[in-house]
K.L.:
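Here it is, the structure in full.
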There are 4 protein chains.
Amino acid sequence: MKSTKPPSDPAACCAVLDTVARWTRRKDARPGEILDAALDLFVARGFAATKVEDIARAAGVTAGTIYRYFANKEEILKAVIRESFAPALLEGEALLANFEGSAAELLTQVIRTWWQLNGATRLSGIPKLMIAESNNFPELARFHREEVIARGEALIGRALQYGIDRGEFRPQPVELAVKVVTAPVVMAMVWKHTDVCGNDGIDLDRYLDIVIETLIHGLGVRPGTNS
Amino acid sequence: MKSTKPPSDPAACCAVLDTVARWTRRKDARPGEILDAALDLFVARGFAATKVEDIARAAGVTAGTIYRYFANKEEILKAVIRESFAPALLEGEALLANFEGSAAELLTQVIRTWWQLNGATRLSGIPKLMIAESNNFPELARFHREEVIARGEALIGRALQYGIDRGEFRPQPVELAVKVVTAPVVMAMVWKHTDVCGNDGIDLDRYLDIVIETLIHGLGVRPGTNS
Amino acid sequence: MKSTKPPSDPAACCAVLDTVARWTRRKDARPGEILDAALDLFVARGFAATKVEDIARAAGVTAGTIYRYFANKEEILKAVIRESFAPALLEGEALLANFEGSAAELLTQVIRTWWQLNGATRLSGIPKLMIAESNNFPELARFHREEVIARGEALIGRALQYGIDRGEFRPQPVELAVKVVTAPVVMAMVWKHTDVCGNDGIDLDRYLDIVIETLIHGLGVRPGTNS
Amino acid sequence: MKSTKPPSDPAACCAVLDTVARWTRRKDARPGEILDAALDLFVARGFAATKVEDIARAAGVTAGTIYRYFANKEEILKAVIRESFAPALLEGEALLANFEGSAAELLTQVIRTWWQLNGATRLSGIPKLMIAESNNFPELARFHREEVIARGEALIGRALQYGIDRGEFRPQPVELAVKVVTAPVVMAMVWKHTDVCGNDGIDLDRYLDIVIETLIHGLGVRPGTNS
DNA sequence: AATGAATGAGACTTCATTCAT
DNA sequence: TATGAATGAAGTCTCATTCAT
């Protein structure tokens with residue numbers, strides 16, 4: 001019921017330094033540092049394969065400390081996601097709010113913004129993570145769907161509707177067209193984090209150019225046809 | 001991590017006995033039954049979350065038996081994936097060999113065949129599995145890249161080149177355009193196996209229609225422009 | 001993912017003996033041995049303070065083995081209780097079934113049987129256990145109440161009713177009188193397992209004599225009064 | 001296990017300051033508030049299941065503060081129990097000092113007083129606590145036996161002897177008869193604090209009536225018999 | 001004197017793997 | 001060849017206790 005390490009510890013000589021280092025209090029910095037470390041590890045190894053202790057070590061604390069800030073491993077990931085996507089989504093929503101211009105431009109900007117704020121950053125690892133683990137963590141999946149996917153798709157959806165309303169894009173079931181736009185971008189993020197799958201050398205920026213161009217013309221009304 | 005020979009041909013040696021008693025066949029069928037069960041479970045739950053004992057139960061054997069045929073859980077996954085791809089690719093290659101017609105038709109057929117033989121079957125679970133686990137199994141990833149992805153992309157690439165050569169598709173860096181075609185189909189497979197990601201109700205067939213239409217027009221030469 | 005102890009193990013010399021000892025299979029004996037060990041430890045230290053590993057060691061297995069037989073620690077205790085009380089209750093119920101004689105004799109016999117089969121054995125530790133822990137393990141408490149207490153009280157209750165019906169015992173609210181009978185016996189069991197509470201030297205058998213005598217006369221009709 | 005002085009008199013040194021500022025009083029009250037909170041929690045959940053931090057929160061302080069007053073969790077329990085008993089015993093002893101009347105009346109009054117001062121209050125939780133934990137705290141058990149049980153039983157014992165001397169109660173080994181009186185009352189206290197043990201609806205006051213009546217007649221001399 | 005962030009020693013539980021039968 | 005009981009190494013999470021502030 002009591003743990004007492006004998007004072008005859010061989011490491012005793014360094015005790016002072018150790019103690020100083022061990023008990024630094026970083027109250028408000030901690031959660032951020034933990035999430036930072038967690039994002040890296042989750043993205044690199046996946047959720048299940050990342051041990052809480054690894055996160056702790058990477059954040060410079062012990063596992064116990066993690067649990068002062070997060071109820072469990074799942075909550076860590078949820079926090080990571082929450083913190084991570086908010087900015088990008090807000091940006092995207094702001095962009096749409098008072099856009100005036102061609103739908104082609106709008107779609108281009110939405111996709112590029114998405115890519116710059118997410119795809120080009122560490123966050124691009126999250127979609128892969130969710131794909132891999134969501135079936136085993138339903139609550140996580142629900143959270144991700146509601147907080148991230150739903151908002152993201154709503155955004156793309158509005159851009160498409162904008163184009164349809166303006167007569168730039170063919171009338172289409174928007175909820176499906178959204179997926180068509182979404183898929184190639186998400187796949188790009190997946191590829192970025194899949195070292196060894198035949199995409200080592202893909203130039204994702206050029207890939208994205210082609211995606212955008214293809215989408216815009218592929219979704220656009222076709223002169224001469226009336227479908 | 002522990003070198004092991006895959007259960008390459010345990011059946012070969014027993015060929016004679018087979019002819020003697022037909023019901024002995026079960027024994028030779030074992031590895032196949034195990035892989036069959038394993039595919040289902042890996043696809044449904046992922047690698048880490050699938051217990052060897054579950055695979056055993058699903059295959060109608062006990063855990064110990066699995067280890068007669070596979071050195072460890074990793075080897076089961078490798079075998080599962082290796083076994084799963086061959087058929088679909090052969091079919092696709094045959095299709096292309098002597099096609100004559102519009103590139104639009106060709107691309108449509110290639111994609112539809114791919115979907116019918118893979119997307120619509122259990123095999124559609126494999127891409128997700130690879131996405132999730134390839135980083136943890138480099139050797140497997142290499143195999144997958146060389147044996148499956150490379151062949152598959154070559155196929156799509158030839159279809160695109162066919163279209164460019166005929167003047168139907170805009171000239172493009174084919175290796176990137178291939179990805180543009182590939183991404184939405186692969187994502188569709190992923191969605192099929194991701195219960196809870198906001199795609200519960202997607203009608204994948206209609207999605208695919210839109211994908212194909214968008215791709216064909218998106219990749220096509222645009223009347224009035226000369227790019 | 002793989003644990004391989006180097007063959008240069010200093011203990012290697014004893015490997016054979018070790019192995020022989022380590023892998024003895026005792027399928028059907030196991031559950032009983034585990035419950036046996038568990039009862040001792042639970043009674044001696046309480047539920048929360050007993051570690052699964054202690055039980056395992058006492059039963060000559062490792063902790064992992066326990067979980068092949070019991071889903072969790074709580075189930076171990078439930079099994080202990082289930083196994084333990086069945087016989088005594090059956091005995092008691094049989095006794096009552098076709099008793100003919102004075103209620104005083106019946107009550108005496110019921111209490112003495114109870115004591116002989118439970119109080120005088122290791123099982124006498126269970127009531128104390130339940131008292132101490134039941135608030136923290138509601139499911140356990142419910143189980144105990146329904147499977148043991150309810151049946152036991154029903155038994156005593158019938159004996160009392162028998163006496164009331166025969167005019168030997170005063171008419172009383174039976175469900176309360178049952179508690180009056182029960183309390184001193186349960187307390188005796190508690191004392192037996194409370195080393196240091198002032199009952200070190202109590203002669204529980206003589207205590208029980210007095211309890212019985214007091215109860216019989218205390219519950220009996222009083223000559224000269226008609227209450 | 002680690003020797004510690006109980007927070008015997010931390011207030012003494014601050015007496016001067018106290019006179020200066022009345023609101024400093026809170027500081028002296030701390031240990032009491034902690035014990036107060038601890039009693040509630042220990043009684044409700046048991047020792048092991050009560051977290052130091054819970055006690056702290058309930059006392060309006062933080063965990064660290066607890067350790068200014070108590071060396072460890074064990075010492076809290078010891079202090080709780082030590083503090084809790086004194087008052088009730090004194091009352092009981094006063095009652096007996098100059099009683100004149102029937103032994104039946106005396107016994108009735110002693111039991112009812114005991115119940116009113118202990119059974120009906122929070123203190124009724126202590127016996128259960130002692131039952132559950134005394135084996136783990138031998139020193140505490142010794143204290144409890146000597147300071148509480150011994151005095152309490154002496155009290156009951158004198159009441160019984162009084163009855164025997166007056167010819168109201170049968171001659172009996174008093175130290176055992178004491179237990180017979182004690183047991184049903186202690187059990188009542190235990191039941192009060194055991195939510196789920198089949199005593200949810202017991203009317204403890206009526207139970208006590210029956211106990212008293214049964215005891216008085218059960219212990220009494222039986223007209224017509226000369227045992 | 002008080003805080004409360006941090007520690008670290010376990011506890012329970014899971015599961016890939018082994019091996020006597 | 002097949003079984004399945006048993007192992008043992010993790011992994012997640014808890015919590016009494018410490019100590020810089």
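Just so we're on the same page: letters track the sequence lines, and every chain starts at 1.
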K.L.:
Strictly distance-based, threshold 3.5 Å: is any side-chain N or O of C/N135 a donor or acceptor partner for the main-chain N or O of D/R45?
P.N.:
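No, because the side chain of C/N135 does not come within donor-acceptor range (under 3.5 Å) of the backbone of D/R45.
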K.L.:
Please give me every residue in residues 36-57 of chain A whose heavy atoms get under 4.0 Å of an atom in DNA chain E, ordered by residue number.
P.N.:
none
K.L.:
Taking the nucleotide of DNA chain F with the nearest heavy atom to each, does D/K73 or C/G60 sit closer to the 5' end?
P.N.:
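Its nucleotide being nearer the 5' end, the pick is C/G60.
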K.L.:
Give the rounded distance in Å between these two atoms: CD1 of B/I34 and C1' of F/dA2.
P.N.:
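After rounding, the gap between these two atoms is 11 Å.
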K.L.:
Please report, rounded to the nearest Å, how far the P atom of F/dA5 is from the CD1 atom of C/I66.
P.N.:
15 Å
K.L.:
Please check if the side chain of D/N72 supplies one atom and the backbone of D/E75 the other of a donor-acceptor pair under 3.5 Å.
P.N.:
yes
K.L.:
Closest nucleotide of DNA chain E for A/G64 versus for D/T62: which of these residues is on the 5' side?
P.N.:
D/T62
K.L.:
Could you give the CD1-to-P distance, from B/I76 to E/dA16, as a whole number of Å?
P.N.:
9 Å
K.L.:
Specify the separation, in whole Å, of atom CZ of B/F70 and atom P of F/dT1.
P.N.:
15 Å
K.L.:
Nearest to the side chain of B/T65, which nucleotide is it out of E/dT13, F/dT7, F/dA2?
P.N.:
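Output: F/dA2.
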K.L.:
With side chain to side chain contact (heavy atoms under 4.5 Å, CB included) as the criterion, how do B/E83 and B/L39 come out once you've worked through the C-alpha distance, each side chain's angles and the decisive distance to 0.1 Å?
P.N.:
CA-CA 10 Å; B/E83 303 278 295; B/L39 172 55; over 6 Å; no
K.L.:
Can you name the nearest heavy-atom pair linking A/A48 to A/K73, along with the distance?
P.N.:
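In this case the closest contact between A/A48 and A/K73 is O-NZ, 3.3 Å.
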K.L.:
Take atom CD of C/E53 as the centre, draw a 6.0 Å sphere, and report whether it contains more than 12 heavy atoms from other residues, nucleotides or ligands.
P.N.:
no
K.L.:
Starting at atom OH of C/Y67, determine the distance to atom P of F/dA9, rounded to an integer number of angstrom.
P.N.:
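That distance rounds to 17 Å.
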K.L.:
In whole Å, what is the span from the CZ atom of C/R68 to the C1' atom of F/dG8?
P.N.:
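Taking CZ of C/R68 and C1' of F/dG8, I get 14 Å after rounding.
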K.L.:
Dot-bracket, 5' to 3', for DNA chain E please: Watson-Crick or G-U pairs under 3.5 Å, [ ] where pairs cross earlier ones, | where the partner sits on another strand, dots elsewhere.
P.N.:
.||||||||||||||||||||
K.L.:
Relative to B/F137, does B/K78 satisfy both conditions: NZ or CZ under 6.0 angstrom from the six-membered ring centre, and within 45 degrees of the ring's axis?
P.N.:
no
K.L.:
Measure CD/D/E74 against C1'/F/dT17 and give the value in whole Å, please.
P.N.:
13 Å
K.L.:
With the side chain of A/Y69 defined as its heavy atoms from C-beta on, choose the nearest nucleotide among F/dA6, F/dG4, E/dA6.
P.N.:
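Closest of the options to the side chain of A/Y69: E/dA6.
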K.L.:
Please report, rounded to the nearest Å, how far the P atom of F/dA5 is from the CZ atom of C/R30.
P.N.:
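These atoms are roughly 11 Å apart.
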K.L.:
Among all residues two or more places apart in sequence or in another chain, which pass the side-chain contact (heavy atoms from CB on, under 4.5 Å) test with D/A58?
P.N.:
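side-chain contact (heavy atoms from CB on, under 4.5 Å) check on D/A58 returns D/A37, D/L41.
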K.L.:
Between C/A59 and C/R30, what is the shortest heavy-atom contact and its length?
P.N.:
O-NH1, 4.2 Å
K.L.:
Start with the C-alpha gap between D/I76 and D/F42, add the side-chain angles, then the distance that decides, and say whether side chain to side chain contact (heavy atoms under 4.5 Å, CB included) holds.
P.N.:
CA-CA 10 Å; D/I76 304 176; D/F42 283 152; 4.0 Å; yes
